[in-house]
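Here is the structure we will look at, set down as structure tokens.
Just so you know, ligand 1 is whichever comes first in the structure, and atom 1 is the first atom listed for that ligand. We count residues from 1, following the sequence as given.
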Amino acid sequence: MAQYTSASTALAVIRLRNPPVNALSLPVLQALEDGLKRADADPSVKAIMICGENGKFSAGADIQGFSLPKTRGISLGHFVSLIERCEKPVVAAIEGVALGGGLEVALGCHYRVAHVKARMGLPEVTIGLLPGGEGTQRLPRLIGVPAALDIITTGRHIPATEALKLGLVDEVVEENTIEAAIRLANKVIGQPLEPRRLSLRPVPKLPNMEAFLSEALVKLKKQARRYLAPELCFQAVRAATELPFADGVRKERELFNVLLTSGQAQALQYAFFAERAVQKWTTPHGSSWQNASPQPIHKAAVIGLGTMGRGIVTSLVKASIPVVALEQNLEYLNTGRKAVMLLLEREAMKMEQGAQTLDFHNPARLQFTVDFDALRDVDLVIEAVFENMPLKKEIFQKLSRICKPAAFLCTNTSALNIDEIASATSRPQQVVGTHFFSPAHIMRLLEIIYGHHTSPTAIATAVQLGKVLKKVGVVVGNCFGFAGNRMMFPYVEQAVFLLEEGSRPEAVDQVLEDFGFKIGPFRMSDLAGLDVAWRSRKGRGLAGDSVPPGTPARQRHGRRYSPLPDLLCENGRFGQKTGKGWYQYEKAGGRTAKPDPWLHNVLTQYRDTHHIKTRFIDQEEILERCLFSLINEGFDILAEGIASGPEHLDVIYIHGYGWPKHRGGPMFYASTVGLPRVLAKLQRYSEAHPDVPALRPSTFLKKLVAVGNPPLKEWMSYLSRPSNKL
Ligand SMILES: CCCCCCCC/C=C\C=C\CC(=O)SCCNC(=O)CCNC(=O)[C@H](O)C(C)(C)COP(=O)(O)OP(=O)(O)OC[C@H]1O[C@@H](n2cnc3c(N)ncnc32)[C@H](O)[C@@H]1OP(=O)(O)O
């Protein structure tokens, strides 16, 4: 709805009202139109102000409503034009957010006043669309092509101070925005409106417009990796530079409809809501955000200043949580301190560009120590030493003695058993897994793992911590590899099997990068370091001296196994850090991967040794075997209650594993491919490779196909009884 009131006899107020974010639903837009007509028809009204209820202007069109049949054919531009054509001055009072259609409504107004804390933007590109309310035509006319193109193709939120500099708003106020807008409205009564109507303005010329646009397009295409929206946003802005307003609007509509009906927009909108859904976590035991309160974290500690620990410390400092950073000896401490300071200096520089500051030189905010006693008063500890169970248990035993009874004890492990770690403490209810992703101060995913004894309060506190760190926290159950890595294992395994059978790292990577992954599995292994997984395999008796004599080279526990990654490690090829891995690099620590003839020879010899007939493997098989095995594991994870819904797995993959967001996550992707097809393909691959359990179709997948391939949001209702292995 939109509420019509009067601030005085001369001033009509239209207040957008649709909690929580005043999204522009059809009733809101209709009420806006009614309000405008009423104000226009009332001779006593001399000016109009548009604002939003509860300190928020509007977060734009109601994303839920895009798919409703009754919204088809509705043009937001119609309402924006109506505002602009009004014969009485219309002032937008922008508080909170004016995003997407919300900002387009403001652009239709003749004047804009914003609160200093308000944020504005056209984030449609992030949900697979373009600003379809004539924003691609008005914004370049107001602030010029370079700034408009940046805002429209990135979807970034603009703080009010920047908006003022760009000329996006006329005034920024620190106090009452509504009063300031009323003052401005009264001041401009009677002034000519023509110059304020953006549709009548020319797009400001650039001396080198064509060169600028060509360069911008090349840059966009390079980043887009088959993600359509940025390029179509670009085309709409280019139309503004080439066509009169009305023709530009027609072009905008045409491009908008292409995007609206594309699978990418649906995937991205699904991802938007999935991200919000996972914040409302539940466990199979019935604990949830509704019955647990997070505890405040006034001070935290991080143990271990390796790659992960450094990133975690940086994240905490950025979130203004005082941190004690602990290492086992002074040498490691000094190395860690230097690395953390470097990261923080870089982050501080980035933040200063956004007019924020980062205080990390104050010892009360960041303290480095080798003394466990310094952890006595912290509210939460994150252990981030390397993946070694005895070491972790020793640390947790110590923490349990030293830390105050209420302190939460978190472990940053990517696979180890949370219950076993918790068993070393006297407070297993306060032990929770917090699996960060590298680099921990940048990657948004935080996998939060509850053990058998973890209390709802501990889960809630970890979730809240994730929010404070600006991460997407996903709560999952305890099993080897949790949700993310457990699904990753079969994916990487298939990639290596494909090499055994005839493919090459560059061919496999290319297929998955073409699909949209930021980085294929072999480049990823080289980046992460092959030695990490090697150590884990040796620890589990799969590689190295602990493999019983007589074990077939390509078999472990009756299943197919590839010793190829072990072979690379035995040759000192740990990936980028050693300058050689699945690829060769210009030097140790180099980043440019080049196909390596050494590896190609090794593959040929390996196939000869093991009597494997080399065959050509096409792109379809590469893609399906890698992705469908990952998805198959996802179905098992759902059936076991390790994750509470497919959205959780999708959010994990988008934010932690570089899954292309415009494909909505692996489970959403499976739903678009169609579960019967996924099942049929898995059955075929499983018949061809009976010794690979990861290709054997999950019982849950088979059940969903048997009940008729229901939509994703209904999948969980087909699990007769939510169960948990714990
Ligand atoms: C029915 C349509 C009629 C008209 C159609 C005309 C045809 C289309 C023409 C033009 C199209 C214009 C395009 C748009 O405007 S697309 C929308 C662009 N806007 C956005 O992308 C903003 C999305 N929202 C956000 O970024 C954030 O939610 C933010 C506003 C910054 C608030 O963040 P935060 O405080 O962290 O809160 P939440 O994100 O948790 O959001 C709170 C709840 O509000 C729901 N929400 C938010 N935005 C929308 C939206 N635009 N539509 C519907 N719902 C929205 C969100 O899901 C949360 O809900 P819940 O509490 O249930 O989880």
Side-chain angles (χ1 to χ4, degrees), residues 1-2 16 18-33 52-81 94-108 117-139 151-152 154-159 229 232-233 236 249 252-261 265-266 268-281 289-290 444 463 466-468 470-473 647 651 661:
M1 277 289 291
L16 307 171
N18 187 11
V21 292
N22 300 324
L24 303 173
S25 61
L26 218 44
V28 172
L29 290 169
Q30 267 153 6
L32 171 65
E33 180 168 354
E53 187 162 78
N54 280 334
K56 290 180 186 120
F57 190 76
S58 167
D62 184 348
I63 304 170
Q64 299 269 26
F66 285 159
S67 48
L68 301 176
K70 65 177 176 187
T71 60
R72 302 239 164 90
I74 304 279
S75 136
L76 181 62
H78 158 78
F79 300 93
V80 179
S81 293
I94 301 172
E95 298 173 296
V97 286
L99 297 173
L103 183 59
E104 290 175 302
V105 163
L107 288 172
K117 290 204 173 136
R119 286 177 293 146
M120 282 148 266
L122 294 172
E124 287 85 342
V125 68
T126 63
I127 51 166
L129 296 173
L130 56 79
E134 304 177 358
T136 63
Q137 306 305 299
R138 279 196 181 83
L139 193 64
I151 290 174
I152 292 171
T154 62
R156 72 185 178 93
H157 292 188
I158 313 290
L232 269 63
C233 282
V249 165
E252 179 191 273
R253 266 189 214 149
E254 193 185 294
L255 294 168
F256 183 85
N257 285 331
V258 171
L259 289 175
L260 188 63
T261 49
Q266 279 151 23
L268 285 157
Q269 285 156 34
Y270 160 82
F272 175 86
F273 288 113
E275 224 171 85
R276 275 133 191 102
V278 301
Q279 289 172 24
K280 296 169 186 153
W281 57 274
W289 57 284
Q290 281 172 308
R444 287 200 64 213
V463 171
K467 266 193 200 157
V468 174
K470 297 204 166 70
K471 306 222 173 276
V472 187
E647 299 86 354
V651 170
K661 200 171 183 180

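- Residue Gly100 approaches ligand 1 through these ligand atoms, each under 4.0 Å from one of its heavy atoms: 15 (O), 18 (C).
- The closest heavy-atom contact to atom 31 (C) of ligand 1, among the options Ile127, Leu99, Leu260, Leu103, comes from Leu99.
- Short contacts between ligand 1 and Phe273, defined as distances under 4.0 Å to a heavy atom of the residue, involve ligand atoms 57 (O).
- Residue Pro20 has at least one heavy-atom neighbour below 4.0 Å for each of these atoms of ligand 1: 43 (C), 44 (O).
- Of the options Glu124, Arg253, Glu104, the smallest heavy-atom separation from atom 13 (C) of ligand 1 is shown by Glu124.
- With values rounded to the nearest 0.5 angstrom, Ser81 atom OG is found 5.0 Å from Arg138 atom CZ.
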As a quick check of understanding, evaluate side chain to side chain contact (heavy atoms under 4.5 Å, CB included) for Leu129 and Gln269, giving each step before the final call. CA-CA 10 Å; Leu129 296 173; Gln269 285 156 34; 3.7 Å; yes
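- The OG atom of Ser58 lies 6.0 Å from the CG atom of Leu16; values are rounded to the nearest 0.5 Å.
- Residue contacts with ligand 1 for Leu129 are absent, since no atom lies close enough (heavy atoms, distance under 4.0 Å).
- When all heavy atoms are compared, the tightest approach of Gln137 to Glu252 is N-OE1, 4.0 Å.
- Listed by number with element, the atoms of ligand 1 under 4.0 Å from a non-hydrogen atom of Leu24 are 2 (C), 3 (C).
- Taking a cut-off of under 4.0 Å to the non-hydrogen atoms of Arg276, the atoms of ligand 1 that pass are 27 (C), 28 (O), 38 (P), 39 (O), 40 (O), 56 (C), 57 (O), 63 (O).
- Atom OG1 of Thr136 is separated from atom CD of Glu124 by 9.5 Å, given to the nearest 0.5 angstrom.
- Here the closest non-hydrogen pair linking Pro131 and Cys233 is CD-SG, 4.4 Å.
- In summary, the atoms of ligand 1 found under 4.0 Å from a heavy atom of Ala59, numbered by their order in the structure, are 17 (C), 18 (C), 19 (N), 20 (C), 22 (C), 30 (C), 48 (N), 51 (N).
- Close contacts between ligand 1 and Gly101 involve ligand atoms 14 (C), 15 (O) [criterion: under 4.0 Å to a heavy atom].
- With Phe79 as the partner, the side chain to side chain contact (heavy atoms under 4.5 Å, CB included) test is satisfied by one option alone out of Leu29, Val105, Leu24: Leu29.
- Residue Phe256 places no N or O, backbone or side chain, under 3.5 Å from any N or O of ligand 1.
- Less than 4.0 angstrom separates some heavy atom of Leu29 from each of these atoms of ligand 1: 4 (C).
- The side chain of Lys280, and not its backbone, has at least one atom closer than 4.0 Å to an atom of ligand 1 (non-hydrogen atoms only; side chain from C-beta on).
- Using a 4.0 Å cut-off between charged side-chain N and carboxylate O, Glu134 and Arg253 make a salt bridge.
- Contact between Gly102 and Phe57 at its shortest, heavy atoms only, is O-CE2, 3.2 Å.
- Proximity of Val21 to ligand 1, defined as any heavy-atom pair under 4.0 Å, is confined to the side chain (atoms from C-beta onward).
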